Each structure stands twice: as C-alpha cells, then as structure tokens.
Amino acid sequence: MAVPGRDSSKLQKQPGARTPNTGMQRRSTTGKNVPAKAASPAGEVAKTPPAEVPSAEGYEVVEEVQEINVPAAAPAPVQAADEVPGTPARTTPGGRRTPGGRAARASGGVARRSPTPRSPGEGQPTRGSGGTQVRDKRDPGAEIGSMHRRGLGLATKFSLFISLLILLISLLFGLVVIRLFKDKLKEEIKRSGYQQVLTLKPLGKRIYQNFYDQWLNVDKTDFKSYDQMPQGKTDKEDLASILNGDKRILDLAIFASKEPTKDPNGVVVVARGLTKFSLPGDPAKLDSVPDAEEQDIKIWWGEITLDNKTENVLFFRVALKGSGDKLLATGNLILSASQIDQEVQALIRKIALFGLLFVLAGIALSLGLASLVTSPINVLVRDMDIVSRGDLDHETRPQTNDEIGLLATAFNRMTHSIKAAREHERQVERINADLSILKEIHAKLMPEKIPQIPGFDIFTGYYCAREVGGDYYDFIPVDRDHLAFVIADVSGKGIPGSMYMGYTRTILRMMATENPSPADVLSKTNYHVAKDIKRGMFVTAMYAIVNVRTREMTVASAGHNPMIIWRAATRTHELVRPNGIALGFDKGPIFDRTVREQKLKLNRGDRVVLYTDGVVESMNESHEEWSTEALEAFVQQHAELKSKDFVRLLLKALDEHKGAAEQHDDITLTTFRIE
C-alpha cells in the first residue's frame, strides 16, 4: 500500500480499489535519479524525491511513480492503459481528463477515477434559498415542528383519491344504469302502446262498422265527412276521451280503404286532426314487441303533420277489417316521440341526482376517514421531527392500536437503536483511526523501491484482501554481491496477521544481514518467532539469496509454496521446493533438522516466480480455485514478457477468474528475469 509522500515499486491493490498503472521513472544520462514532482492537492498522481537508501555495490535502487489508492465501489481488473488497444482517457479526482496509455506514463503517472464527495443537499433545493416557500395556513399539517410540508397533505390526497374513485365508480355505474333503464323504459312504453292499441281494437271495429253501414260505399270514391255526422261526432268523442287519458298519446285515427297500407286516404275518424303521416315503409325496419305479429299489429317510428307542425312519433297499427293485401280498415295509436324523450330525460336526471348525492356523501365520508387516519400520523411526524433534531431520548405515544400505533412503537425502538448505533459509530471511528495508523505502518513495512540491478528485470504485485494483511515480500541487501528475495504468508488475515507479519519481518531482516545462508536465516528467525507467536498461527516463507555477479541462487523454504523457475534454454519450467516446515510450528530442533537449502544456477532468459497461496487459491463464484496448474501454464506461456507486464497480466487473469466473488486471501507475487 502506498502512502502520500512515499514511493511504491509494486503493483498494489486495496479492497474495493482498482489497481493503478505504474511505470518506472526514467533515469538521466548522468546516472542520477530524476527528482519527482510533489503531490498535487487535488489528489492526482505525483512523485516525491527519493529517500536516501543505501544500496549494495554492483546494483542500485531507483524510485518509481507514487501510487495513491482511492477506494472505489468494487475491485476491478488490473490492466495497464498501454496494454489494451483503444484505452480511453481516465478521470482524476478533481474531475479533469487526462490521456491514458503512454501519454499518461510520459506525464509522470496514471490518472484514475475517484468519487467526488458531494456536500449535504447538493443538487437539491436548499431551505432558505432559491425562492420563498408558500404554505397553506389553513392546513394544520402544513407545518410540523421545524419541518414544512410541500404540496398537498396526506388527508387531502387520501380524500381526493377516494372522491375520484367514488366519482369514477358512480359515473360508470350511472352510465350502465341509464342505458339499462333507458332501454327498459322504451320497451315499457312500447308495451304500453301495444296494450292500448289492443284496447282500441274493439272500439275501432265498432266505429268502422257504423261508418260502413251508414256512410261508406266501398265501390265509390266520394267520401263524406263522417266525423261531422251525429254518429261520427259521438265516435270522435269516444276517441278523444282515450286521448285525454294519456299524455303520451298524440293522436288516434280510424282509417278505411281498399288498400289502407298503401293508400290510407279513407280517414274515418281522427281524434285531433292529423293531415299527413309516415307509412310503415320497409317491413324489415318495423319495430316489434312479443305477440305483435299474432295480433296483426305493426309498430314503426315515423312522422305526422298536425296543425301544420311535423313531429316524430311512434305508430301502432292494428287491423280492424281484413288482413294482408285485403286489409280494409285499421285502428292507429300515435305516441309522441318528444314525450317519450322527456320521460327518458327525466329518468336520467333522477339517476344523475342520486349519483351526485352518493358522490357528495362519499366525499364527506372520505374527508372524515382521512382526518381520522392522518391525525395520529401528524402526531408521529411531530415526534419524528423532534428526534431528527438530535433529541434521541424523546419518545412518541401511540395514538391507536392499529398499524399506525405499531409504527409508533417501531419508531421508538428505532430511536433507541439509532442511539445505540451512534455510540457504536463513535467506537468504530476510533477503531478506524487506529486502523488507519496501522495501515500506514503496514505500508512502511513493505519495500519502498524495487532494486534496479543490471541484468535483472524485477517486479512485484500485491493485493491486500482487507485493510491490512498478513502477506510479506522484501528485497534485502545481504552484502556487496548478494541480494535476498523474501516472500512470506502469515496464517490468518487482517490485524493479527499484519502484526505477526511486521514482527517476522523485523526478525528476518536482523538475521539476514551478512548471512549468506538462507537456511540459517530461517532457522534463527524461527527461534524468535516460535517463542512469541500465538498458538495455531504460523508463517510460511520462501527465502532466496542471489549472487548478482555469478547469478547463482540459494533457496530455502519454510513450508511455503514452491518457487517456479522457467528455463529459457529448454523452454520448460521446474518447481523448486526445498524441505522445511513453517515458522512457529517448532521452537528449534525439529525445524533445524528439517530445513534444507537448494543451489541453482540462473542463465540468460530464465524467470523466477515467488508467490503466496492467495494466487493459486483465488476462487470464483463457484468456489473453484485458480490452481497451481493454471499458474504453471501461465508462466510457461508468458515467461518471456517484461516482469511488469508479466505481473499485470497475471493479476488481470486472477481478476477475470474471480469475477464478482470476494477476494478471500491476500495476493503477493514477486518475479525477476535474467536479461
């Protein structure tokens, strides 16, 4: 982990952060390190002047670009901008755009995206600014405590919703009822006219018989005014008595003709005096009621002219004499269409009035119900306002025993929980402050720089599964010609692992000075670690000393994962696993008898890979490990890459394998290649 003001020579990832691209700083032609720029206040990538670090004769140490780890939403795959074609420009925490890839490295670092904190209420209206708030003074719930309601109150919304619902239901119900009653009324009117025309039939037959016996000669065309004769006047008065008894009846008429259906010009008696009327017309358009055909009755809508005024009417015609084409006389009942419409409209008005009364009653009921429901809510809101201003000792009193009362009880519990959570938060803040200090200490325990040795291409990668971890790697100058490579893993993670890691590092560095034997260094380290380490914990380590002149390497292992060496000459790899048990298992005798050394000769193009078990045991969402075989295959395929590219590509492969799964263990990797 890099800390502001320090250089980092490793690819390093923190939980939830994307591993940044880092590049080796260019050295001047004079051989001196080029000083770096100071970190900018915006949190951009910056460089700091290198610390004075003694270097062994024969190789030197150079600084690298500083890493600033910014927590992100989730871990992301590690990749350099220059290794993916078409990499877009990155965004710095300050919001500025910087180019990716080689341009970023040439400018001294890699920019990354960082969430910009927003001030409270940013992007939202701020009370007291941006206009004057208008509140309804008539609404008691418009202002509660220090809070001001915006918009309609809950009671108003509740009553409006119920009122609109009642109105919609009443409207739909009224339309259906009006349609049904309207059709029913018209059918009833037709049925009434049908019954009346049947009643008219005997009278019509008598009138026609009187007319036929006394005044009509059917073989002649000279008709006389029968209704002016004494008997005709009597018959007309009989028809008028029927007409006056029902306001729906517009007129009554008795017709006589040889073909009255085609030429009804033989008017016998007319109650009111129509002069023109519509014929039945198309039989398919005739209206009907049950039994009408059996009674030889025809019904149709038409027009009549009465007193020089045309009106729409409903005709009822019953045969008095003859039938079909030989129909000689008919009785006609004429109902007023306007009167029928008036009755229908009166029915509609009554239904509408009833619906309006129903809606008004529903609105009044909804207002009362809304007030009953929102009254305890307003009390609860006032109490919530008091608590929101910091009085966590305040409690609300449930006003009802229903869900709102249950909500008030739950609110009291929530207040107590918030109070307890606040105390817990303060403790967490203190712990986080201590953890932040431990994080800095943990970062200082890691190497600040990668040794720059002629003929050696060295790079390392480190991913801490938690804030601090138990993995450890180091580069220790043993003497003028020897450099030690160390990689270790403390059982367990987090703070305990980090503490034992720091303790082991201190002991190991003390024992490594001027000691060319890896086995002896591990043995002396184990002596001190075993005395103080907690029961059940241990440390595995791989310790290798390389002669930078002769390129000979001596390796010892304390129960660690095998070292992988790829041979350029044969293009094959081998596993180096000297005998040994973990540090801390035994205080001395067994460890000293077990640990062994193995000497190796490194040639041009060979690659050495040291790693912790977090690499091969990295699991995906299906709990499938990446495996040692996958690592060996990766080394076999990519061994000839530059060490920096090799590490980045390996971490990217691990990230792709892990997917959305949580990283369960620290990942540490150190590799070098003989050039």
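All figures in this text were calculated on a predicted structure; none of them were measured in a lab. Hydrogens, waters and symmetry mates play no part in the numbers below; they use all other heavy atoms, side chains included.
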Just wondering, do [Y] and [X] contact through their side chains at under 4.5 Å, heavy atoms?
{"X": "Leu583", "Y": "Thr540", "result": "no"}
{"X": "Trp301", "Y": "Asn312", "result": "no"}
{"X": "Tyr473", "Y": "Thr612", "result": "no"}
{"X": "Gln427", "Y": "Arg422", "result": "no"}

* Euclidean distance, Thr506 OG1 relative to Met501 CE, rounded to 0.5 Å ->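 Reported to 0.5 Å precision, the distance equals 9.5 Å.
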* Asked: Just how far is it from atom CZ of Arg505 to atom CD1 of Ile507, taken to the nearest 0.5 Å?
  ->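 With rounding to 0.5 Å, CZ (Arg505) is 11.5 Å from CD1 (Ile507).
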* **Side-chain donor-acceptor contact under 3.5 Å, Asp383 with His394** =>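 Yes.
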Exam field: side chain [X] to backbone [Y], donor-acceptor pair closer than 3.5 Å:
{"X": "Thr504", "Y": "Tyr500", "answer": "yes"}
{"X": "Lys534", "Y": "Met537", "answer": "no"}
{"X": "His657", "Y": "Glu624", "answer": "yes"}

When the side chains of residues 408-415 are checked against the rest of the protein, which donor-acceptor pairs come out under 3.5 Å, sequence neighbours left out?
{"from": "Thr409", "atom 1": "OG1", "to": "Gly405", "atom 2": "O", "distance (Å)": "3.1"}
{"from": "Asn412", "atom 1": "OD1", "to": "Thr396", "atom 2": "N", "distance (Å)": "2.9"}
{"from": "Asn412", "atom 1": "ND2", "to": "Thr396", "atom 2": "O", "distance (Å)": "2.9"}
{"from": "Thr415", "atom 1": "OG1", "to": "Phe411", "atom 2": "O", "distance (Å)": "2.9"}

* To do: Using the side-chain hydrogen bond (donor to acceptor under 3.5 Å, both in side chains) rule, collect all pairs that involve residues 659-668, keeping only residues at least two apart or in two chains.
  =>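 Qualifying pairs: Asp471-Thr668.
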* Please step through side-chain contact (heavy atoms from CB on, under 4.5 Å) for the pair Val615 and Trp626, ending with a clear verdict. => CA-CA 8 Å; Val615 175; Trp626 199 51; 4.1 Å; yes
* Before giving the answer on side-chain contact (heavy atoms from CB on, under 4.5 Å), spell out for Ile667 and Tyr462 the whole-Å C-alpha distance, their side-chain angles and the decisive distance to 0.1 Å. => CA-CA 6 Å; Ile667 293 176; Tyr462 178 65; over 6 Å; no
* **Derivation of the salt bridge (charged side-chain N to carboxylate O under 4.0 Å, His left out) call for Lys190 and Glu187** => CA-CA 5 Å; Lys190 286 194 295 182; Glu187 289 297 324; 3.3 Å; yes
Taking all non-hydrogen atoms of both residues into account, name the closest pair between [X] and [Y] and its distance.
{"X": "Thr460", "Y": "Leu669", "answer": "OG1-O, 2.5 Å"}
{"X": "Leu445", "Y": "Tyr472", "answer": "O-CE1, 4.3 Å"}
{"X": "Tyr611", "Y": "Thr628", "answer": "OH-CG2, 4.2 Å"}
{"X": "Ser491", "Y": "Gly536", "answer": "OG-O, 4.1 Å"}
{"X": "Gly461", "Y": "Leu651", "answer": "CA-CD1, 4.4 Å"}
{"X": "Glu625", "Y": "Met619", "answer": "CG-CG, 3.6 Å"}

* Asked: Phe538: what forms a ring-ring contact (aromatic ring centres under 6.0 Å, His included) with it, not counting sequence neighbours?
  ->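 Phe538 satisfies ring-ring contact (aromatic ring centres under 6.0 Å, His included) with Phe585 once adjacent residues are dropped.
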Would the number of heavy atoms belonging to other residues, nucleotides or ligands and lying under 6.0 Å from [atom1] of [X] be above 12?
{"X": "Met499", "atom1": "CE", "answer": "no"}
{"X": "Arg191", "atom1": "CZ", "answer": "yes"}
{"X": "His424", "atom1": "NE2", "answer": "no"}

* **Electrostatic pair Lys652:Asp655 at N-O distance under 4.0 angstrom** =>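 Between Asp655 and Lys652 there is no salt bridge, as every charged N stays at least 4.0 Å from the carboxylate O atoms.
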* To do: Please determine if Glu429 and Arg426 form a salt bridge, counting it only when a charged side-chain N lies under 4.0 Å from a carboxylate O.
  =>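 Salt bridge between Glu429 and Arg426, a charged N being under 4.0 Å from a carboxylate O: no.
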With sequence neighbours left out, write down each residue that passes salt bridge (Lys or Arg N to Asp or Glu O under 4.0 Å) with [X], or none if nothing qualifies.
{"X": "Lys350", "value": "none"}
{"X": "Glu621", "value": "none"}
{"X": "Glu617", "value": "none"}

* **side-chain contact (heavy atoms from CB on, under 4.5 Å) partner of Tyr503, chosen from Ile533, Val539, Asp532** =>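 Filter result, single survivor: Asp532.
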* To do: Determine, stepwise, if the pair Arg248 / Ser192 fulfils side-chain contact (heavy atoms from CB on, under 4.5 Å).
  => CA-CA 10 Å; Arg248 296 176 182 170; Ser192 175; 3.8 Å; yes
